[in-house]
Amino acid sequence: MKLDQIDKLKVLKNELQDGGLSPADPIDVCSKRLQDDLQTLGMKIQLHEDNIRFLKTLKDKLVDSIIDLQVVLGKYHLSSTPGIENKDGSDTQSEDKASDQKKILEQENTAAGILCQLRTNPKMLASDPTLIDDVLGVVAELGKVDDSSLGSLLSEYLGKETMLAIVCKTYNGVKSLEKYDKEGSINKTSGLHGFGASIGRTLEGRFNVISLETLRPYSGEFVAADPQRRLDLPKPRFPNGDSPPGFLGYAVNMINIDTAHLYFLTASGYGLRETLFYSLFSCLQIYKTRAEMLQAVPCITDGALSLDGGIIKRSGLFYLGNRDDVKVSFSKSSTNSSLPDHYIESERQMKEMKWRKEKMLEDITREQAMLDSTRLNFERKKADFVKFIAETATRQQTPVAMGRSTGR
């Protein structure tokens, strides 16, 4: 329907005031036309609002796809970055389980070093079955990464004490590591203290122990058809809905769990990723450069890292200065399965998706302009309708008032 019915309404009102028409019929006709116009405008408003919601839903899905592809391409760049060099100038190579234990064994007077030493002596382990059944290992050896630089960066973020923390399945494992006498003092002849003394090592200072059953696990969904059971975390976005450039993924999903521990479950049915690593990293974000990480500050809640050494511990807390020399870190996986099969094709898809997103934003802007215009017309038409009703009511009351005055 055309929106210029107001002109016809004015013609009918003039004819009514001139006495050319009877008072009843034109009033009903005008009222009906105004109501029809309001209904039509309301339907158009609803249509534009539905279109905008639909376009925004498509845009959000497209942004998610862009971020997913961005993560894949980011991992390609990640695997192409040179590894951290050792002091002798050689690159850090892929390390197997034996070399992981070697790094931990070098920490001689630590709980982790003593535990690894005990594993090489089955007879000593047999004296306390809880150490075999309940102690899972050390944080540093329970996960691997696709790049040694990322492994060192994550280790620096956690710190040496956390990297050497002993992980137990239940609280019983925690109790087996350290025992106390009646006065509450540590019994140096039992637990790890006793084992350390038996091999000539003195356990110094405090050490961290993590009980998986007491951690608050991740309770969301998992990435579909992912053999590593990565967590389906929401993509980071700026307040306007755009994705931050340089985002490579979440730290908790960039840890590769060995097959030996991949299918481990607590008594409550949770795995290592949704308990241990989610507790350690939460929604820690990884970016390619420090500049991109700082640009993404508005959508960082649980901290972020950049491959060139930038660290944000949590929102508002920045780590500055040179990188620390991390002696114990997550080692590099022996195989890297994160490279895209067709890198050039992935780049082409990325460009096409970004182009489609820009076109979709233009469609949303155009629909919003049409919605604003229709709403303005609706408000004007509503004002005309209210004015018409008021004038009609005034005219209908005027003859009554005159009749009463004549009777007096």
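Keep in mind that what you see is a predicted model, and the values were worked out from it rather than measured.
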Applying ring-ring contact (aromatic ring centres under 6.0 Å, His included) as the test, list every pair that has at least one member in residues 268-304; sequence neighbours left out.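 Found Tyr218-Tyr278, Phe247-Tyr287.
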According to ring-ring contact (aromatic ring centres under 6.0 Å, His included), does anything in residues 157-180 pair up with another residue at least two apart or in another chain? List the pairs.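 Applying ring-ring contact (aromatic ring centres under 6.0 Å, His included) to every pair that reaches into residues 157-180, excluding sequence neighbours, yields nothing.
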If you measure from the Lys or Arg side-chain nitrogens to the Asp or Glu carboxylate oxygens, is any gap between Glu49 and Arg375 under 4.0 Å?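 Counted as a salt bridge, because a side-chain N and a carboxylate O are separated by less than 4.0 Å.
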Between Lys169 and Asp134 (salt bridge meaning N to carboxylate O under 4.0 Å), is one present in this structure?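 Here Lys169 does not pair with Asp134 in a salt bridge, since their nearest N and O are not under 4.0 Å apart.
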side-chain hydrogen bond (donor to acceptor under 3.5 Å, both in side chains) with [X]: which residues, sequence neighbours excluded?
X      : answer
Asp232 : none
Lys188 : none
Thr365 : none
Gln39  : none

side-chain contact (heavy atoms from CB on, under 4.5 Å) with [X]: which residues, sequence neighbours excluded?
X      : value
Asp60  : Arg237
Thr162 : Leu158, Asn208, Leu280
Phe222 : Arg229, Leu231, Glu274
Ser219 : none

Between [Y] and [X], is there a side-chain heavy-atom distance shorter than 4.5 Å?
X      : Y      : result
Leu262 : Gln228 : yes
Thr189 : His193 : no
Ser282 : Val252 : no
Pro236 : Ile300 : no
Thr170 : Leu212 : no
Asn187 : Ser190 : yes
Leu136 : Leu276 : no

Under a 3.5 Å threshold, yes or no: a donor from one side chain and an acceptor from the other, between Arg366 and Asn51?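 Short answer, no.
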Side-chain H-bond candidate by donor/acceptor type, Thr289 with Asp308, under 3.5 Å: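 There is no such pair (donor and acceptor under 3.5 Å, judged by atom type) between the side chains of Thr289 and Asp308.
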Test salt bridge (charged side-chain N to carboxylate O under 4.0 Å, His left out) on Arg53 and Asp50; report intermediate values, then the result. CA-CA 5 Å; Arg53 277 193 293 268; Asp50 291 343; 2.4 Å; yes
Check the pair Leu177 / Ile166 against side chain to side chain contact (heavy atoms under 4.5 Å, CB included), numbers first and verdict last. CA-CA 9 Å; Leu177 295 175; Ile166 298 174; 4.0 Å; yes
Considering all heavy atoms of both residues, which atom of Leu305 and which atom of Met293 are nearest to each other, and what is their separation?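 Minimum heavy-atom separation between Leu305 and Met293: C-SD, 3.8 Å.
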Report the C-alpha distance between Asp146 and Asn256 in whole Å, list the side-chain angles of each, state the deciding distance to 0.1 Å, and finish with yes or no for side chain to side chain contact (heavy atoms under 4.5 Å, CB included). CA-CA 8 Å; Asp146 291 332; Asn256 298 321; 2.8 Å; yes
Could you pull out all residues at least two apart from Glu161 that satisfy salt bridge (Lys or Arg N to Asp or Glu O under 4.0 Å)?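 Not a single residue meets the salt bridge (Lys or Arg N to Asp or Glu O under 4.0 Å) criterion with Glu161.
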Assess whether atom NZ of Lys56 is packed by more than 12 heavy atoms of other residues, nucleotides or ligands within 6.0 Å.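 Not buried by this count: 12 neighbours or fewer within 6.0 Å.
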Hey, could you give me each pair passing salt bridge (charged side-chain N to carboxylate O under 4.0 Å, His left out) that has a residue in residues 239-248? Not counting sequence neighbours.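 Output for this query lists Asp242-Lys357.
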